[in-house]
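Hydrogens, waters and symmetry mates are skipped; everything else that's a heavy atom, side chains included, is used. From a predicted model like this one, the values you see are computed outputs, not experimental measurements.
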Amino acid sequence: MSGLPEAFASRVVRWQKTHGRHALPWQATRDPYRVWLSEVMLQQTQVSTVLAYYERFLARWPEVAALAAAPEDEVLGLWSGLGYYSRARNLHRCAQAVVERFGGEFPRSAAQLATLPGIGRSTAAAIASFCFGERVAILDGNVKRVLTRVLGYGVDLASAPAERALWDLATELLPRQDLQDTMPAYTQGLMDLGATLCLPRKPACLLCPVEADCVGAREGEPTRYPVKTRKLRRTAESLWLLHARKPDGAVWLEKRPATGIWAGLYCLPVYASRELLAGEHAHATLEDGEAFVHALTHKDLHLHPVHVATDRVARAGGGWFGRTEWEVLGLPAPVRRLLVDAG
DNA sequence: CATGCGTGGGC
DNA sequence: TGCCCAAGCAT
């Protein structure tokens, strides 16, 4: 391998220390609780979105035992709006597992971390490398882009063998010396390269510390990587939302089932058709609100609010919530928006 | 191995 | 504007 690995790693480390990001609120610590909290929030979520949520969580639960002792509904309430809500429920379960299985201290190896709920291979490696200097590779979206370009790795990562091979290559490229110092900077450096220079559409190769190593740059078309042949197939679905309000302004909400969309959140009653909704409220005067589209990654949800003024909803498992009550619940973003707009 | 799972931002 | 993308994981 012509000595590429060592040169590559030290270039990334040196660049991170001088040109990488150092001011993010979860970077000034090796406390695994804070690093874990940030890593889970950052899964498929951009830094700018996470910042406010991270500060609120840390202020509310300064350590893992406090989070473990919280009610799940309160965790979902603070997570509300961040998306991918299974992360919040796994976060809570993980905190409880750290307390119960590990006496309140996060385990110090990536292998042990990966046994905890919501911590997969990449998140485990991020925590272990940042906090404990372990020599383990992360492979998130940013790093996949950086490494496939540097290596000229032209196999579609949708195939599992291709992704396994890239994990192996990522491991070979890791630093080999002075790991307590180099591993945190290397891990952060790959993320920073992907987030600030090695961009999806317009990579800034002239500023890149590993341009000399980069097959994609040498070929003249780094944006060819990563290769993606599979096309995203979008679908659409219509849902009707019963917006029942009492004269005092309270709203009828139900906790959603533990699986599927918005699992565990509080929500207006959801129906697959106008007829199903109307059939359940034959005696009430229904007023159709303005439908709107809520876009998910794979699906457009066409949401149809149906307003009804009543103080009786004949459904099991829900309840009336006044504004100060529903404001702090975990609500789907479009439902929160609808309730806020309705006053 | 493929799919489901949120939301917001960039171009 | 319709895509693509974002510090992925669980099933």
Side-chain angles (χ1 to χ4, degrees), chain A residues 16 20-21 24-27 34-54 76 79-91 93-94 113-130 137-146 156-164 167 170 184 186-196 198-202 223 226 228 230-237 256-265 267 293-301 303 330-337:
Chain A
Q16 203 290 322
R21 298 174 293 184
L24 298 172
W26 44 84
Q27 287 184 297
R34 296 179 179 222
V35 172
W36 162 71
L37 180 60
S38 72
E39 288 300 330
V40 173
M41 287 185 166
L42 287 160
Q43 288 167 4
Q44 300 285 277
T45 309
Q46 295 186 339
V47 168
S48 57
T49 304
V50 165
L51 290 170
Y53 285 86
Y54 177 78
L76 286 168
W79 196 275
S80 187
L82 198 50
Y84 283 148
Y85 297 97
S86 67
R87 290 185 296 170
R89 292 179 298 124
N90 282 332
L91 187 86
R93 291 191 198 113
C94 181
L113 287 162
T115 68
L116 291 162
I119 301 184
R121 180 169 178 181
S122 195
T123 299
I127 300 168
S129 62
F130 282 138
I138 61 167
L139 197 60
D140 55 37
N142 281 325
V143 177
K144 283 176 182 171
R145 190 168 57 251
V146 172
D156 188 352
L157 296 181
S159 96
E163 179 155 341
R164 274 197 298 276
W167 273 108
Y186 178 81
T187 299
Q188 187 65 53
L190 283 186
M191 292 175 169
D192 291 352
L193 276 179
T196 65
C198 198
L199 303 174
R201 302 294 195 88
K202 287 189 189 301
T223 56
K228 290 179 184 176
R230 171 171 162 259
K231 39 221 153 185
L232 180 65
R233 198 162 307 178
R234 290 185 57 76
T235 59
E237 183 179 355
R256 292 192 50 82
T259 59
I261 187 154
W262 302 324
L265 272 62
C267 191
V293 177
H294 181 69
L296 309 179
T297 301
H298 293 271
K299 181 185 292 186
D300 279 341
L301 292 181
L303 300 177
L331 298 171
V335 172
R336 184 178 300 282
R337 202 154 49 237

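When rounded to the nearest whole Å, the span between CG of A:Asp300 and P of C:dG2 equals 9 Å. Protein atom CG of A:Leu157 is 15 Å distant from nucleotide atom C1' of C:dC5, rounded to whole Å.
For the residue pair A:Arg93/A:Asn90, the side-chain donor-acceptor check at 3.5 Å is satisfied. A donor and an acceptor atom, one from each side chain of A:Arg21 and A:Thr196, are nowhere located under 3.5 Å apart.
Residue-level contact check: A:Pro226 touches neither bases nor backbone, having no heavy atom under 4.0 Å from any strand. When heavy atoms are screened at a 4.0 angstrom cut-off, A:Arg121 is found touching the sugar-phosphate backbone but no base atom. Looking at heavy-atom distances under 4.0 Å, A:Leu190 makes no contact with the nucleic acid at all. Among the atoms of the strands shown, base atoms are found under 4.0 Å from some heavy atom of A:Arg21. Here A:Trp79 lies out of heavy-atom contact (under 4.0 Å) with every strand. Residue A:Lys228 is classed as a sugar-phosphate contact, given heavy-atom separations below 4.0 Å to backbone atoms only.
Put simply, the side chain of A:Thr123 never gets that close to the backbone of A:Gly120: no donor and acceptor are under 3.5 Å apart.
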Practice problem: Apply side-chain contact (heavy atoms from CB on, under 4.5 Å) to A:Tyr84 and A:Gln43, showing your working. | Solution: CA-CA 9 Å; A:Tyr84 283 148; A:Gln43 288 167 4; over 6 Å; no
Self-check item: Verdict with reasoning, A:Gln27 to A:Phe130, per side-chain contact (heavy atoms from CB on, under 4.5 Å)
Solution: CA-CA 9 Å; A:Gln27 287 184 297; A:Phe130 282 138; over 6 Å; no
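Between A:Gln27 and A:Ala114, the one whose closest nucleotide on DNA chain C sits nearer the 5' end is A:Gln27.
Annotation for A:Arg87 and A:Leu42: closest pair NH1-N, 4.3 Å, computed over non-hydrogen atoms.
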Exercise. Mark up nucleotides 2-11 of chain B, 5' to 3', with B wherever a protein heavy atom is under 4.0 angstrom from a base atom, S wherever such an atom reaches only the sugar-phosphate, and - elsewhere.
Key: S--BBBBS--
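The same atom, C1', is picked in C:dT1 and in B:dG8; the two are 16 Å apart, to the nearest Å.
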